[in-house]
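Structure record follows, encoded as structure tokens.
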Amino acid sequence: MTEVNWQKSSYSSAGDGNSCIELALIGTTVALRESDDPRTVLTTSPARLGALLRSIKAGALDHLAAVPGT
């Protein structure tokens, strides 16, 4: 089995206890996991991940993070 090369943002520090999202390219699939729970892995296509990131940057999903009643 081929070892997966997980990468995290250069903005994440290298110390223990730092939660960050890690990405790996497995064939033509992008795998995502949270560093503090690496057993749970989500997969998607590069195009769908790109669409998600563009939506986040554009603020199209800000309403999902809104605190109710504020």
Side-chain angles (χ1 to χ4, degrees):
M1 185 170 175
T2 303
E3 185 175 329
V4 176
N5 183 22
W6 291 99
Q7 298 181 7
K8 65 179 179 175
S9 170
S10 60
Y11 292 102
S12 298
S13 59
D16 289 339
N18 294 311
S19 297
C20 63
I21 300 296
E22 299 175 322
L23 300 169
L25 188 59
I26 304 171
T28 60
T29 300
V30 177
L32 300 96
R33 71 181 185 182
E34 190 172 345
S35 62
D36 64 350
D37 186 12
R39 296 168 302 179
T40 302
V41 177
L42 301 175
T43 59
T44 190
S45 69
R48 288 183 177 187
L49 179 58
L52 174 64
L53 294 174
R54 284 188 298 279
S55 294
I56 291 169
K57 287 180 180 180
L61 304 174
D62 288 354
H63 65 283
L64 298 175
V67 177
T70 59

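Note that these values count all heavy atoms, side chains included, but never hydrogens, waters or copies made by symmetry.
Follow the hydrophobic side-chain contacts under 4.5 Å out from Leu42 and you never reach Leu52; the two are in separate clusters. There is a path of hydrophobic side-chain contacts, each under 4.5 Å, that joins Leu53 to Leu25.
Residues passing the salt bridge (Lys or Arg N to Asp or Glu O under 4.0 Å) test with Arg54: none are found, sequence neighbours excluded. With sequence neighbours excluded, no residue forms a salt bridge (Lys or Arg N to Asp or Glu O under 4.0 Å) with Asp62. Applying the side chain to side chain contact (heavy atoms under 4.5 Å, CB included) rule to Asn5 yields the partners Gln7; only residues at least two apart in sequence or on another chain are considered. For Leu32, the side chain to side chain contact (heavy atoms under 4.5 Å, CB included) partners at least two apart in sequence or on another chain are Ile21, Leu23, Val30, Thr44, Leu49.
What you find for Trp6 and Ala24 is that their closest heavy atoms are CE3-CB, 3.6 Å.
Residue pairs meeting the side chain to side chain donor-acceptor pair (under 3.5 Å) criterion with at least one member in residues 20-32, sequence neighbours excluded, are Glu22-Arg33.
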